[in-house]
Novice: 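The structure is given below, and queries will be raised subsequently.
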Amino acid sequence: MKVKIKNKTENIRAVWMEKNIVKMIDQRKLPFELKFFNAKNYNDVAFAVKNMVVRGAPSIGACAVYGIAQAEAQKKNIKNAAKILKKTRPTAHDLFYAIDYMLKEIKNGNDAKNSAEKYVEKLVNECRAIGVHGGKLIKNNYRILTHCNAGALATVDYGTALAPIRFAHYNKKKIFVWVDETRPRLQGMLTSWELLNENIKHRVISDNAAGYFMRKKEIDMVIVGADRIARNGDFANKIGTYEKAVLAKENSIPFYVAAPISTFDFGLRNGESIKIEERNEDEVLFIKGKRVAPEKAKAFNPAFDVTPSKYVTGYITEKGVLRSEEIKRLKK
Ligand code: MRU
């Protein structure tokens, strides 16, 4: 992804591996500081995923493949590394897909580092393809709403929901992005940071403002990412996605989900049984370390919700834009 550092623009990935260290942009420090986190072993990688140093389903998967490759190079117990990494975050399908891929590669006698790099290159290419396919859906002067951060930070490079937006911009279309702030962890600020680095026009809005702008006919299209998509197209994504989808339908606004095929869980018939991560209540009770709720207040903090497929206009994948009935075809 393009990152402006002083007067220069550099190309940086969200996650990579160097001399057996898993390196990543520390997303806890953004948008104010660009710092990097060095994971020296799989426990550090697990810490980074659990504590959202790195976040976004495909980036979590990329971290995990590197974590397993690192464990293999350090002659650690791979099964244990896989177990620890799988326990970090339950909802993102990419995490489990990535770890199972690595276990298979190692079992087949393939070089773990090489397999990890192959996985990440493939992911980056998939996101680029999502950008090419999805970019065609965006017309000149479109105003697009996105929720959370499904950008390069969340996918190593390009993004899923942000990839079509990037490609529309590269193709000189005039576009504008509405960025949901995304309580409680404010991933919208990460999206704003990515868009500023690319000079893409946008405004951050509070989550509950989206309906207001939809009704005023100021949103032409919604694109979001996904953490896990069931066979029938129901999908889990950042909490608040469901209400955006319902509002989009009510206001006749096309609603797209952008995701690589690694996010599809073909073992799931529908979204009912997707495990929803419940995070610490302090993420709701505090903002940037400052308590905003009364001392004795308690909170609930589900990190994701499930949106039924009936609200989705199409799924933007590396294989093209699909309707929910076409998902089964992907399995092959
Ligand atoms: O809790 P997070 O920040 O990891 O949640 C991220 C999302 O919900 C993204 O929309 C999803 O992982 C897709 S990222 C391309």
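Counting convention: from 1, in listed order, for ligands and their atoms alike.
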Novice: Would you mind running through ligand 1 and noting each atom that sits below 4.0 Å from a heavy atom of Asp227?
Specialist: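 What qualifies from ligand 1 is 6 (C), 7 (C), 8 (O), 9 (C), 11 (C), 12 (O).
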Novice: Say whether Gly56, considering both its backbone and side-chain N or O atoms, lies within less than 3.5 Å of an N or O atom on ligand 1.
Specialist: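 Yes, there is a polar N/O contact under 3.5 Å.
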Novice: If we ignore hydrogens and angles and just use 3.5 Å, is the side chain of Asn77 paired with the main-chain N or O of Asn80 as donor and acceptor?
Specialist: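 Yes, Asn77 side chain to Asn80 backbone: donor-acceptor pair under 3.5 Å.
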Novice: Considering only heavy atoms of Lys238, which atoms of ligand 1 have at least one such atom less than 4.0 Å away?
Specialist: 1 (O), 2 (P), 5 (O), 8 (O)
Novice: For a quick test of reading the model, state the closest non-hydrogen atom pair linking Cys63 to Met24 and the distance between them.
Specialist: SG-CE, 3.8 Å
Novice: I want to check a possible cation-pi pair here: Lys173 against Tyr142, using under 6.0 Å from ring centre and within 45° of the ring axis as the test.
Specialist: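 Judged by the rule (NZ or CZ under 6.0 Å from the ring centre, within 45° of its axis), Lys173 is not positioned above Tyr142.
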Novice: Considering only NZ, NE, NH1 and NH2 on the basic side and carboxylate oxygens on the acidic side, decide whether Glu277 and Lys275 come within less than 4.0 Å.
Specialist: no
Novice: Ligand 1 and Asn237, any nitrogen or oxygen pair closer than 3.5 angstrom?
Specialist: yes
Novice: Can you check which of Arg279, Gln27, Arg55 brings a heavy atom nearest to atom 3 (O) of ligand 1?
Specialist: Arg55
Novice: Would you say Phe36 has more than 12 foreign heavy atoms packed within less than 6.0 Å of its CZ?
Specialist: yes
Novice: Have a look at ligand 1 and work out which part of Gln187, if any, has a heavy atom under 4.0 Å from it: side chain, backbone, both or neither.
Specialist: side chain
Novice: Have a look at ligand 1 and work out which part of Ala161, if any, has a heavy atom under 4.0 Å from it: side chain, backbone, both or neither.
Specialist: neither
Novice: Enumerate the residue pairs fulfilling salt bridge (Lys or Arg N to Asp or Glu O under 4.0 Å) with a member in residues 216-230, sequence neighbours excluded, ordered by first and then second residue.
Specialist: Arg143-Asp220, Lys216-Glu218, Arg228-Asp265
Novice: Polar contacts were defined as any N/O atom of the residue lying under 3.5 Å from an N/O atom of the ligand; does this apply to Thr155 and ligand 1?
Specialist: no
Novice: Would you say Glu277 touches ligand 1, if touching means a heavy atom closer than 4.0 Å?
Specialist: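 Under 4.0 Å: no for Glu277.
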Novice: Is it true that Ala92 lies under 4.0 Å from ligand 1, counting heavy atoms only?
Specialist: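 No, that is not the case, since the closest heavy atom of the residue is not under 4.0 Å from the ligand.
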Novice: Could you label the plane-to-plane angle of the His93 and Tyr97 rings as parallel, tilted or perpendicular, counting under 30° as parallel and over 60° as perpendicular?
Specialist: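 It falls in the tilted class, 30° to 60°.
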Novice: Note the single closest protein heavy atom to atom 15 (C) of ligand 1, along with its residue, its atom name and the distance in Å.
Specialist: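 Heavy-atom neighbour on the protein nearest atom 15 (C) of ligand 1: Thr160 OG1, 3.0 Å.
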Novice: Stepwise, does the salt bridge (charged side-chain N to carboxylate O under 4.0 Å, His left out) test hold for Arg166 with Glu194?
Specialist: CA-CA 10 Å; Arg166 281 194 156 89; Glu194 286 194 37; 3.0 Å; yes
Novice: So, regarding Arg89 and ligand 1 (criterion: nitrogen or oxygen to nitrogen or oxygen, under 3.5 Å), is there a contact or not?
Specialist: yes
Novice: With heavy-atom distances below 4.0 Å as the criterion, list the atoms of ligand 1 near Pro58.
Specialist: 14 (S), 15 (C)
Novice: Which atoms of ligand 1 sit under 4.0 Å from any heavy atom of Ala57?
Specialist: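 So the answer, numbered in order with elements, is 12 (O), 14 (S).
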Novice: Return yes when atom NZ of Lys86 has more than 12 non-hydrogen atoms of other residues, nucleotides or ligands closer than 6.0 Å, and no otherwise.
Specialist: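 Counting neighbours around NZ of Lys86, more than 12 heavy atoms of other residues, nucleotides or ligands fall under 6.0 Å, so yes.
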Novice: Need the ligand 1 atom indices (1-based, order shown) with element for anything under 4.0 Å from a heavy-atom of Met52.
Specialist: 1 (O), 2 (P), 3 (O)
Novice: Can you find a non-hydrogen atom of Cys148 under 4.0 Å from ligand 1?
Specialist: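 The answer is yes: ligand 1 sits under 4.0 Å from a heavy atom of Cys148.
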Novice: Number the atoms of ligand 1 from 1 as they appear, then name those within less than 4.0 Å of a heavy atom of Ala154, with their elements.
Specialist: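 Selected atoms, number and element: 14 (S), 15 (C).
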Novice: Pairs of nitrogen or oxygen atoms closer than 3.5 Å, one from His147 and one from ligand 1: do any exist?
Specialist: no
Novice: In terms of heavy-atom contacts, does NZ of Lys23 have more than 12 from other residues, nucleotides or ligands at under 6.0 Å?
Specialist: yes
Novice: Could I get the full list of side-chain hydrogen bond (donor to acceptor under 3.5 Å, both in side chains) partners for Glu121, not counting sequence neighbours?
Specialist: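 In terms of side-chain hydrogen bond (donor to acceptor under 3.5 Å, both in side chains), with neighbours along the sequence ignored, Glu121 is linked to Arg13.
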Novice: Give the residue, atom name and distance (to 0.1 Å) of the protein heavy atom nearest atom 13 (C) of ligand 1.
Specialist: Ala226 O, 3.3 Å
Novice: I want to know whether Tyr101 and Tyr119 have ring centres closer than 6.0 Å.
Specialist: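 Yes, close enough.
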